[in-house]
Amino acid sequence: MFKPSALELMRAKRSNFAQIEEYCQSPKAFLKYLDAVGIDRAVLINYVAPEVIGFTAEVNQFVADYVEHDPKRLISCGSLHPRHTANVLADVEQLLRLQIRMIKIHPPHQLLFPNDYLQGVSELEIIYRAAEANGIPVMFHTGTSIFPGARNKYGDPIYLDDVAVDFPKMKILLAHGGRPLWMDTAFFLVRRHANVYLDISGIPPKTLLGYFPRLSEIANKTLFGTDWPGPGVPDVGKNLEDFRALELGDGVKQQILSRTALAIWPA
């Protein structure tokens, strides 16, 4: 589904692109890789963004089929797009039938603000209401994107303040913590709202405490992630190794590596 420009960016940043293709086709091969780098479970991020990346709603069936190989270790993430749904209620029902366990909204790639339901985009409200009612967390990309066609004005996490207020029972995950421009905003939102969590994927672990010097204060609402195999993320195992080397207490590290995620997706 990749648009040529997006695929070229992925290829250019990955010397092992053929290996990535194998993992996309073979859950067994991917799980073997996770075993090798010491990862128990993974959330597999998919989202609908035809204009910028090329992904259509077919990603939902793809990931649902993929995780069937080992649903205890592989957690499905799917998506809907307000401008690319003829019947949002039917599409929400399809996500529920597929047992999608997280929804991803990517504002810079979907070219929308996460609070656009306040501007008449009623489909977004329907998606959020369904997620809230069914206990499905929603991850929002926050921060910038280098993919051609991405519009980074949409990546400011401040627009999620409205979402957190209007949907207080919906778990909101701030992917990438607003990096590299809006980390203070992300930190504020996590501390302000009981339903807002921080995802540290896409942040090189060695720079993490520079971005979030008070990370330990929000460890109970922070999740480890990598954004691999995205551009700039060399290896899951390397990220894990670098995170473990940070000057954080063992309890804080364990909270971020496992306990927060287990509270959202119990084993």
Hydrophobic cluster membership, I20 vs I45, 4.5 Å side-chain cutoff: no
- request: Kindly say whether Q19 contributes a backbone atom to a donor-acceptor pair with the side chain of Y33 at under 3.5 angstrom?
  value: no
message: Contact between L74 and R41 at the side-chain level, heavy atoms closer than 4.5 Å - yes or no?
response: no
- prompt: Counting heavy atoms not belonging to K171, are there more than 12 under 6.0 Å from its NZ?
  reply: no
query: Any chance the side chains of E51 and H84 put a donor and an acceptor closer than 3.5 Å?
result: yes
message: Within the structure provided, determine whether V92 and L89 are in side-chain contact (heavy-atom separation under 4.5 Å).
response: no
message: Looking at E21, I'd like to know if its CD atom is crowded, meaning that more than 12 non-hydrogen atoms belonging to other residues, nucleotides or ligands lie closer than 6.0 Å.
response: yes
query: So, Y154 and D116: side-chain donor and acceptor under 3.5 Å apart, yes or no?
result: no
query: Which heavy-atom pair separates I75 from V67 by the least distance, and what is that distance?
result: C-CG1, 4.1 Å
field: E8 side chain near K3 side chain, heavy-atom distance below 4.5 Å
entry: no
Where V52 and P108 come nearest, the two heavy atoms and their spacing: CG2-O, 4.3 Å
- request: Would you give the length of the straight line joining atom CD1 of I158 to atom OG1 of T142, rounded to the nearest 0.5 angstrom?
  value: 11.5 Å
- request: For the residue pair M102 and V43, establish whether any side-chain heavy-atom pair is separated by less than 4.5 Å.
  value: yes
statement: CG (D161) and OG1 (T185) are apart, to the nearest 0.5 Å, by 10.0 Å
- request: Determine, stepwise, if the pair I264 / L223 fulfils side chain to side chain contact (heavy atoms under 4.5 Å, CB included).
  value: CA-CA 10 Å; I264 298 173; L223 301 91; 3.9 Å; yes
Exercise: identify the closest heavy-atom pair between P114 and V163: O-CG2, 3.5 Å
field: Mutual orientation of the aromatic rings belonging to H109 and H106 [parallel < 30°, tilted 30-60°, perpendicular > 60°]
entry: parallel
message: Would you compute the distance between atom CE of M183 and atom CG of L215 and round it to the nearest 0.5 angstrom?
response: 12.5 Å
- prompt: Is there a side-chain contact between N60 and Q94 (heavy atoms, below 4.5 Å)?
  reply: no
task: Check the surroundings of atom CZ in R73: do more than 12 heavy atoms from other residues, nucleotides or ligands lie under 6.0 Å from it?
output: yes
query: Do L174 and Y197 pass the side chain to side chain contact (heavy atoms under 4.5 Å, CB included) test, and can you show the C-alpha distance, the side-chain angles, and the key distance before you say yes or no?
result: CA-CA 6 Å; L174 306 182; Y197 295 74; over 6 Å; no
message: I'd like to know if the side chain of D199 and the backbone of H176 have a donor-acceptor N/O pair within less than 3.5 Å.
response: yes
- prompt: Do Q254 and D250 meet the criterion of a side-chain donor-acceptor pair at a distance under 3.5 Å?
  reply: no
- prompt: In the single-linkage hydrophobic clustering (I, L, V, M, F, W, Y; side-chain heavy atoms under 4.5 Å), do I136 and L44 co-cluster?
  reply: yes
- prompt: Is there a donor-acceptor pair closer than 3.5 Å between any side-chain N or O of T207 and the backbone N or O of G210?
  reply: no
- prompt: Given the side-chain rings of F2 and F55, with only the six-membered ring counted for Trp, is the space between their centroids under 6.0 Å?
  reply: yes
message: How about NZ on K13, more than 12 heavy atoms from neighbouring residues, nucleotides or ligands closer than 6.0 Å, or not?
response: no
field: Pairing residues for F188 by the side-chain contact (heavy atoms from CB on, under 4.5 Å) criterion, not counting sequence neighbours
entry: R192
- line: To the nearest 0.5 Å, atom CG of D40 lies from atom OG of S258 at 6.5 Å
field: Nearest non-hydrogen partners of K221 and V190, listed with the distance
entry: NZ-O, 2.7 Å
message: My understanding is that only one of F113, F167, W182, Y128 makes a ring-ring contact (aromatic ring centres under 6.0 Å, His included) with F140; could you say which?
response: Y128
field: Sole candidate of N87, D91, T85 that passes side-chain contact (heavy atoms from CB on, under 4.5 Å) when paired with E123
entry: T85
task: Check whether I126 and M139 end up in the same hydrophobic cluster, where Ile, Leu, Val, Met, Phe, Trp and Tyr are linked by side-chain heavy atoms less than 4.5 Å apart.
output: no
query: Just by distance, do the side chain of T260 and the backbone of Q255 share a donor-acceptor pair under 3.5 Å?
result: yes
message: Is it the case that over 12 heavy atoms from other parts of the model lie below 6.0 angstrom from the CD atom of Q99?
response: no
message: Heavy-atom count check: over 12 atoms from other residues, nucleotides or ligands less than 6.0 Å from D184 CG?
response: no
query: Between atom CD1 of I103 and atom CD1 of I105, what is the distance when rounded to the nearest 0.5 Å?
result: 7.0 Å
message: Any non-hydrogen side-chain atom of Y47 less than 4.5 Å from a side-chain atom of H141?
response: no
message: Just by distance, no angles: are the side chains of N152 and T144 close enough, under 3.5 Å, to form a donor-acceptor pair?
response: no
statement: So ring-ring contact (aromatic ring centres under 6.0 Å, His included) across residues 242-267, not counting sequence neighbours, yields F224-F243
- line: Here the pair of heavy atoms bringing L111 nearest to G149 is CD2-O, 4.0 Å
task: Find the distance between CD1 (I100) and CG (N134) and round it off to the nearest 0.5 Å.
output: 12.5 Å
message: Please find the pair of heavy atoms, one from A6 and one from F147, that lie closest to each other, and give the distance.
response: O-CE2, 3.7 Å
- prompt: Would L173 and L80 show up in the same hydrophobic cluster when neighbours are defined by side-chain heavy atoms closer than 4.5 Å?
  reply: no
- request: Inspect the contact between E241 and R244 and indicate whether a charged nitrogen and a carboxylate oxygen are less than 4.0 angstrom apart.
  value: no
message: Keeping S26 on the side-chain end and E22 on the backbone end, is there a donor-acceptor pair under 3.5 Å?
response: no
- prompt: Short question: side chain of R179, backbone of Y211 - any donor-acceptor pair under 3.5 Å?
  reply: no
statement: Residue set satisfying ring pair (Phe, Tyr, Trp, His ring centres under 6.0 Å) with H193, at least two apart, ordered chain then number -> none
Side chains of N239 and V233 in contact at under 4.5 Å (non-hydrogen atoms): yes
query: Hey, are the side chains of L31 and D70 touching, using non-hydrogen atoms and a 4.5 Å cut-off?
result: yes
- request: Determine, stepwise, if the pair I200 / I256 fulfils side chain to side chain contact (heavy atoms under 4.5 Å, CB included).
  value: CA-CA 9 Å; I200 61 172; I256 294 172; 4.0 Å; yes
query: Between D166 and Y117, do the side chains contain an N or O donor and an N or O acceptor separated by less than 3.5 Å?
result: yes
ILVMFWY network linking V48 to L112, side-chain heavy atoms under 4.5 angstrom: no
